[in-house]
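All remarks here apply to the structure that follows.
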Amino acid sequence: MLRHRNFAHDLFCLTIIGFGFFVIYGGLELSIGTMRRIGPGFFPLGLGAIMAILGVGLLFERQDENRDDTRNPRGLIFISLALAAFAGLLETLGLFPATAAMVLLVVAAEPERVSLPTVIGLIAGLWAVGYLLFVVVLRLPLQPLAPEIWTMM
Amino acid sequence: MDLFSNIALGFQTAFTAEALFYCFLGCCIGTFVGALPGIGPMVTISVALPLTFGLDPTVALIMLAGIFYGAQYGGSISSILLNLPGTASTAVTALDGYPLAQSGRAGFALFINAIASFCGSTLSIIVVMAFAPAIAEIALRFNSTEYFAVMVLGLVAACTIGGGSPLKSLVMVVFGLILGIVGMDINSGAMRYTFGFLELTDGISLISVAMGLFGVAEIVRKMAGPSTHASKTMIQDLSLASMLPNREDLSRLWLPILRGTSIGSMIGALPGAGPTVASFMAYAAEKKASRDPGRFGKGAPEGVAAPEAANNAAVQAAFIPTLSLGIPGDVVMAILLGAMIMHGVIPGPQFIANEPAMFWGLLVSFWIGNLILLFLNLPLIGLLVRIITVPSRILHPVVIFFICLGSYSVSNNIFDVFVTLVFGVLGYVLVRRGFHPAPVLLGFILGPMMEENLRRSLVIARGDPSVFLERPASAVMLGLAFLLIVMPLRKPALRFLSRVRR
């Protein structure tokens, strides 16, 4: 009884099963308690077990062929970098440098080229929105430019 | 208190200057983002949620809800004019709305959309007013055992009713439940799955999960698709005069609107079957009811009216389980429920009794909001069209910017931005593998409540788990949940068995 097997799907199912066992392991590290007084590990233990069982069930599920096939590894990498750069620069260099870096990386993720004036306009516009909305109105503890920059210069 | 004094109380709450202003603001934002293909109401509500922390909880909810139903109005505008649904629930509208626009009746199609949406919403609000308090009254008699069973049933129903693979949806729900565990256990003080990150003590940020799974992942996927340059051909004469239907049109449309509304209010109240399913069902029903089904797909006005009435009715009806039981029917409701919790309001059957001003104020604000939308949509069409045509290369950085600062502003911590990043990558991988991450949020919101009710039930039953089957209401609900799981498994299991026997 040969059946066409989808390797990527099987691997993902195994990941799900593995995740289930990982949650079970984490639950066992915590106290399970008794049935009368369940401990912090009880609920996770049950969920981990259900997860593992569902993962096994998925191995036997017939996969429909017409699923969405949008792939965009390049976009994923650049957008991830954009978020990481924003997070990394926000409190070290300040809101403005973080915004500029983020915009540049998102623009780099686009499949088409974006013109320089558009990029500059975007950065300037977001600086204004970021400063007025988040710093002035909502009073987030952010600085447009971190004072450390000035001491560095 | 009778219905009328309650509605009067609602008007008192919703008619303050502050509430009216934020209702208006929410509706406007909703219409705009709904019209923009690519950003849904979900991402917008997640971004707006931290911005409402300073507001009164009722006003905050009025605004956030306004974004949700406003987006339904806006979404159909891009469906009709661009053949490009702004939100999933308005995809069906494009089937007949776009041909109508192509034949030069864009204004008329937009008018039907606005009127049908308005009728669907306003009638459905009455259904909510009638049913939500009644259901809450019954649910007040529940103890933790039944409440646990309701949540199991709600989650299972959300996975099995909506279509797609129920098994995959169940995996997503359980994943969400597991994510909900992360953080400090309120009973024992034990740290669970925090891996030494102090930032995770209060759990994973709902906003980060939502914006990562839906916002970030969606933008990555959108970039791979064709860029959304709207053709300006459709945007011809959109004067008010071109919109008005003649008497014959009107007499032909009120039945489809009523049918769409009833389908929408029923479907919307079910967990898992939101406005999208409702609009598809209404369209199918209308085609069946029509004497001349051949017209559908070629610009039949009924094909716009029925699904638009249905998706707006469904949006309102989705508030029934959310407000009366504290159980969200779909993802947007899950976020709104999260918003309530963040604002210190405890959802559940006691909500309507404890916070009557908030409940009735919210419902009355829906009426006001829909009225605003009706008048906002028609004259502002020209402006909206210009906004729809903003190219995606400008839109994407702006959305990522709001996602970054939105997740940061929840607790002023860059850790949450990294969490958003992780969930963005995860959301991309999940969709690639055919998993739709919507149920994750349902599980995430309900997880802590489920555990607490399970714990209490077992304490009351002195550790005997058979209590869940001994109490009749709980037994019925768990039985239903069991049936919902087993039914779709029947066929594959039979296939498997016959293969094993051979």
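Note: hydrogens, waters and symmetry copies are ignored here, and every other heavy atom, side chains too, is used. All chains are named by letter (A, B, ...) in the order of the sequence lines, taking the proteins before the strands, and each is independently numbered beginning at 1. No experiment lies behind these values; they were computed from the predicted model shown.
Only the side chain of B/Tyr408 comes within less than 4.5 Å of a heavy atom of chain A; its backbone N, CA, C and O stay farther away. Using a 4.5 Å cut-off between heavy atoms, B/Val429 touches chain A through its side chain atoms alone. Of the atoms belonging to B/Phe401, heavy atoms from both backbone and side chain fall under 4.5 Å from chain A. Only the side chain of B/Ser188 comes within less than 4.5 Å of a heavy atom in chain A; its backbone stays farther off. Using a 4.5 Å cut-off between heavy atoms, A/Ala98 does not touch chain B at all. For B/Asn187, no part lies near chain A; criterion is any non-hydrogen pair under 4.5 Å. Both the backbone and the side chain of B/Leu51 come within less than 4.5 Å of a heavy atom of chain A. In this structure, the portion of B/Ile181 lying under 4.5 Å from any heavy atom of chain A is its side chain and not its backbone.
In terms of heavy-atom proximity, B/Val220 sits nearest to A/Leu76 at CG1-N, 3.6 Å. For B/Arg393 against A/Glu110, the heavy-atom pair with the smallest separation is CA-OE2, 3.6 Å. Nearest heavy atom pair, residue B/Pro397 against residue A/Leu122, reads CG-CD1, 3.7 Å.
Between chain B and the options A/Val103, A/Thr118, A/Ile123, A/Leu126, the largest number of non-hydrogen pairs under 4.5 Å is found for A/Leu126.
Using cut-offs of 30° and 60° on the angle between ring planes, the pair B/Phe435 and A/Phe12 is tilted.
Within residues 26-36 of chain A, the residues that have a heavy atom under 4.5 Å from a heavy atom of chain B are A/Gly26, A/Gly27, A/Leu30, A/Met35, A/Arg36, listed by number.
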